[in-house]
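Right, one structure below, let's go through it.
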2 protein chains.
Amino acid sequence: MSEVTIKSIAKALDLSPATISRALNDSHEIKRATKDRVLAYAKKHNYRPNTFAKNLKTGKTNLIGVVIPFLSSPFFLEFIDELYRVALPSNYTLVPFQTQNQEAMEKEALLFLRQQNVAGIIISPAHENSNVALLEDMHLNGCPIILFDRIQHGLQTHKIGIHNSMETYQATETLLKKGRKRIAFLCGKDIGNTKDRIRGYKNALLNHGVAFLEEYIIYVDYQDPNQAIDEELKTRLGELKDKNLLPDAIVSGTDTLSIKILGVLGSLAIRIPEDIAVIGFTNTNLADYLAPALSTIQQPTQEMAKLAFELLVELMDKKSDSGAADYKSFLLAATTVYRKSSLI
Amino acid sequence: MSEVTIKSIAKALDLSPATISRALNDSHEIKRATKDRVLAYAKKHNYRPNTFAKNLKTGKTNLIGVVIPFLSSPFFLEFIDELYRVALPSNYTLVPFQTQNQEAMEKEALLFLRQQNVAGIIISPAHENSNVALLEDMHLNGCPIILFDRIQHGLQTHKIGIHNSMETYQATETLLKKGRKRIAFLCGKDIGNTKDRIRGYKNALLNHGVAFLEEYIIYVDYQDPNQAIDEELKTRLGELKDKNLLPDAIVSGTDTLSIKILGVLGSLAIRIPEDIAVIGFTNTNLADYLAPALSTIQQPTQEMAKLAFELLVELMDKKSDSGAADYKSFLLAATTVYRKSSLI
DNA sequence: TTGTATGCGTTATCAG
DNA sequence: CTGATAACGCATACAA
């Protein structure tokens, strides 16, 4: 649709297309006057390079793929939001994708991104080792990749996460110190993060001489946050109640479930925190307004996004420079905010 | 990076590139056997067409630009989420952008999308008539555009919104019938939707013989939901209190403020709904869990997203077909869910 | 410093 | 039905 091209400029200015291209690309081998003339004309006629031709020629884009499990999770939303903020001043454009925790959808997204020849990718994988081969292939072929959040993954690259076990350890310990002994742990899919978080939980129990109970690990797998996981949660709690094993505290190790549990407990006429104390794992700024205000383990999301972007840019800039695998894992600290849901 | 191209297939199969192209594009002028052979080979070697070459040649893409004010608003988030869902089975890819309610950022996004030669755009404009000229230009030049949510806008095209005044009328009326007489109306930027919503509010007052008070229209403009609008809200309410004009009910006409008001009232030690009843305007599924559970006017978001996508596909398919301006405005019905915050 | 020629991968036009 | 050829807009090696 854009009528003004390098060729048309060349004709209008009685120059060759090559010269126009050089002027536009700020080449050194061009006379200052000519360059200025071209630039002026280009600006006046609102020249916009054809991305597709440019890319076809150079094999490069300014696109950054962002692959996450869900958009409708406070953590990922905040992450993307911040990513947009830091990417804006740069020349890069974000192309977000959701995987719904499914490797097949993730593969689709990655193949598409490869086809779009994206300059780099920031990803929180669907699960441990999902699409490792594909990611490795892309990574080695000049498309740098940054892993975040779910960093237990086979790919060798920069990884940005939090120290999972430390936070759940502290949250659990806090509850133990308040006298809670039957603490359940709520988690989603069985991925690396979950394991670490469970480890922290278990260690806290161990160090405080409280026996670990297999029944208190509540897995609720889901591929869509809109599923009827409320019902599943309710069922699981009902089972525990029937076994006379109703917990007196719940630590959540995952985002989506952290808020749903409030509603579920409410519908079962269980009081929070009197009957069951709750500490969630989420970044929603609504935590203060919930009934009751929800204690939360919060990730340094914006910091993570900023770091992810910076590391990616660094990798993209250095091209196939060193090739040396000097990749690092960044483990940031999460913070727990204690609110009413875990008091008493 | 993709090594397998039409040319390479042609060489391998001892055919011409033209034939391969025809086979791949399901042309009629090709022998069935040849086509099958090509397709089999392509599949086996995982052929993926080069988007850029294809686009350079055809001048078309499968990209759909999505331009919204904020991602971090429950309504827009739900909209995009649903959009992804309906767009997935199709061959289209979404390219989302945020404008932060700023026309300049919106322009940036639109120019980028134009440069990317997107096949169509779904947009909730930054404000009335923002970038009208640019949008018109793109629209006329073969890039169909669908307006949603903020449909008071100069562009002639399909528009999808809700019947704003009707819902605020009913919400206001409900409060009036419960005996509330000093009802304030909370709104954001002064755009078309706001005006309609205020109209519904005013009409309800009028029909129930309650005088309209200018002070009860509370504008809180913002360009970023993370701004300190809590403080501004607090200030405004403090002013009303000083004037001895503290309302006994608040209807919110905008998303972001709907939840913040709960926290602000709480920090002022104002009881909800005893002192002030509140009805929000938001789609968050957390409404049930808030303290207190928040009555909300909810938009049929998923329906809107689905319709937007379908209408856009229709326009994109018909090319520069008729050119007839047979555009419609779709006004869907919102529903109000009454919860504790407006009881008594 | 500038121009000419070539090709990126694809589709379209024309012959055969 | 198939093949040769040109062209999309751009960047670059090479020639001038």
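Per chain, numbering begins at 1; letters A, B, ... match sequence-line order. Note that the structure is a prediction, hence the values are computed from the model and not measured. Just the heavy atoms: all of them, side chains too, but no hydrogens, waters or symmetry mates, feed the values below.
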Distance flag, aromatic centroids of A:Tyr47 and A:Tyr41, threshold under 6.0 Å:
no
Rounded to the nearest angstrom, tell me the gap between atom NZ in A:Lys11 and atom P in C:dT2.
20 Å
Can I get a per-line list of side-chain donor-acceptor pairs under 3.5 Å for residues 305-313 of chain B, giving both atom names and the distance, sequence neighbours left out?
none

Is the shortest side-chain N/O distance from B:Thr34 to OP1 or OP2 of D:dC1 below 4.0 Å?
no
Give me the atom names and distance for the closest heavy-atom approach of B:Leu77 to B:Leu71.
CB-O, 3.6 Å
Length of the CG-P vector between B:Asn55 and D:dG9, whole Å
11 Å
Using the side-chain heavy atoms of B:Lys7, tell me which of these nucleotides is nearest: C:dT10, D:dG9, D:dT2.
C:dT10
Between B:His158 and B:Phe148 (judged by ring centroids, cut-off 6.0 Å), do the two rings come close enough to count as a pair?
no
A:Leu56 CG - C:dG9 P separation (whole Å)
7 Å
Please report, rounded to the nearest Å, how far the C1' atom of C:dG9 is from the CG atom of B:Asn50.
6 Å
Measure the shortest side-chain to side-chain distance between A:Asp26 and A:Lys35 over non-hydrogen atoms and say whether it is less than 4.5 angstrom.
yes
Interatomic distance where CD1 belongs to B:Ile6 and P belongs to C:dC8 [whole Å]:
13 Å
Shorter than 3.5 Å, N or O on both sides, protein versus nucleotides 12-16 of chain D: list them out with atom names.
none

Nearest heavy-atom approach of B:Arg48 to A:Phe112 is NH1-N, 4.4 Å
Please report, rounded to the nearest Å, how far the P atom of C:dT4 is from the CD1 atom of A:Ile20.
12 Å
Rounded to the nearest angstrom, tell me the gap between atom CZ in B:Arg37 and atom P in D:dC1.
15 Å
Is the shortest side-chain N/O distance from B:Thr5 to OP1 or OP2 of C:dG9 below 4.0 Å?
no
Compare all side-chain heavy atoms of A:Val132 with those of A:Asn129 and state whether any distance is below 4.5 angstrom.
yes
So if I take every side-chain heavy atom of B:Tyr47 and compare against D:dC1, C:dT10, C:dT2, which nucleotide ends up nearest?
C:dT10
Rounding to a whole Å, what distance do you find between B:Leu15:CG and D:dT2:C1'?
9 Å
